[in-house]
**Q** 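Sharing a structure here in structure tokens format.
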Amino acid sequence: VSQSRYQIDNFVNRIQTISDKVSGAIGDARAKIDAEIGKITAKIQKISSGIVNSIINNLYKKLAPILNAGLKLLYKTVYAIVFAATQNDIIAHKAGVAAQAAMS
């Protein structure tokens, strides 16, 4: 009986050792996979950040003159309406500036 008990304990220990090695290998593999995912994610973020920045810069360059022209037109329109009503250059100017500020 003692010999059988020894063989069973020895068997269980060997199985546990194998299981521990497999668990360790799986953990190492998971860590390596996570590291690779982290690397590629960082690269994708860097690439997409550059693309987004480029798109925003191009959009700003194209929209800025249009928006600026719109603000100038708004000022001139409000100025003309207020000046026609008040015949006062200072009040008309302040109204035009206030209209532009309201759009900002």
**Q** Going by side-chain heavy atoms closer than 4.5 Å, which hydrophobic residues are tied to I37, directly or by a chain of links?
**A** I33
**Q** Tracing side-chain links under 4.5 Å among I, L, V, M, F, W and Y, which residues wind up in one group with L67?
**A** L59, L63
**Q** For I40, which fellow cluster members are found when Ile, Leu, Val, Met, Phe, Trp and Tyr are connected by side-chain heavy-atom distances below 4.5 angstrom, either directly or through intermediates?
**A**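 Answer for I40: I44.
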**Q** How far apart are the closest heavy atoms of A99 and L74, and which atoms are they?
**A**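 The pair with the smallest heavy-atom distance is O-CD2, 3.4 Å.
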**Q** Which pairs with one or both residues in residues 16-38 pass ring pair (Phe, Tyr, Trp, His ring centres under 6.0 Å), sequence neighbours excluded?
**A** none
**Q** What residues join I81 in its hydrophobic cluster, counting side-chain heavy atom gaps under 4.5 Å, either direct or through other members?
**A**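 Answer for I81: none, a lone residue.
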**Q** Sorted by first residue and then second, give each side-chain hydrogen bond (donor to acceptor under 3.5 Å, both in side chains) pair with at least one member in residues 54-69; sequence neighbours left out.
**A** none
**Q** Which heavy atom of V82 sits nearest a heavy atom of A95, and at what distance?
**A**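 Closest approach of V82 to A95, heavy atoms only: CG2-CB, 3.5 Å.
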**Q** Give the table of side-chain donor-acceptor pairs shorter than 3.5 Å for residues 11-25, with sequence neighbours excluded, one pair per line with atom names and distance.
**A**
from, atom 1, to, atom 2, distance (Å)
N13, ND2, D9, O, 3.3
Q16, NE2, D20, OD1, 2.8
T17, OG1, N13, O, 2.9
S23, OG, S19, O, 3.1

**Q** Do any pairs count as a side-chain hydrogen bond (donor to acceptor under 3.5 Å, both in side chains) and have a residue in residues 79-92, sequence neighbours left out, and if so which ones?
**A**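 Sorted result for residues 79-92: Y79-D89.
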**Q** Could you check whether any side-chain N or O of Q100 sits under 3.5 Å from a backbone N or O of Y75, counting only pairs where one atom can act as donor and the other as acceptor?
**A** no
**Q** Who are the salt bridge (Lys or Arg N to Asp or Glu O under 4.0 Å) partners of K39, not counting sequence neighbours?
**A**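 Partners of K39 under the salt bridge (Lys or Arg N to Asp or Glu O under 4.0 Å) test: E36.
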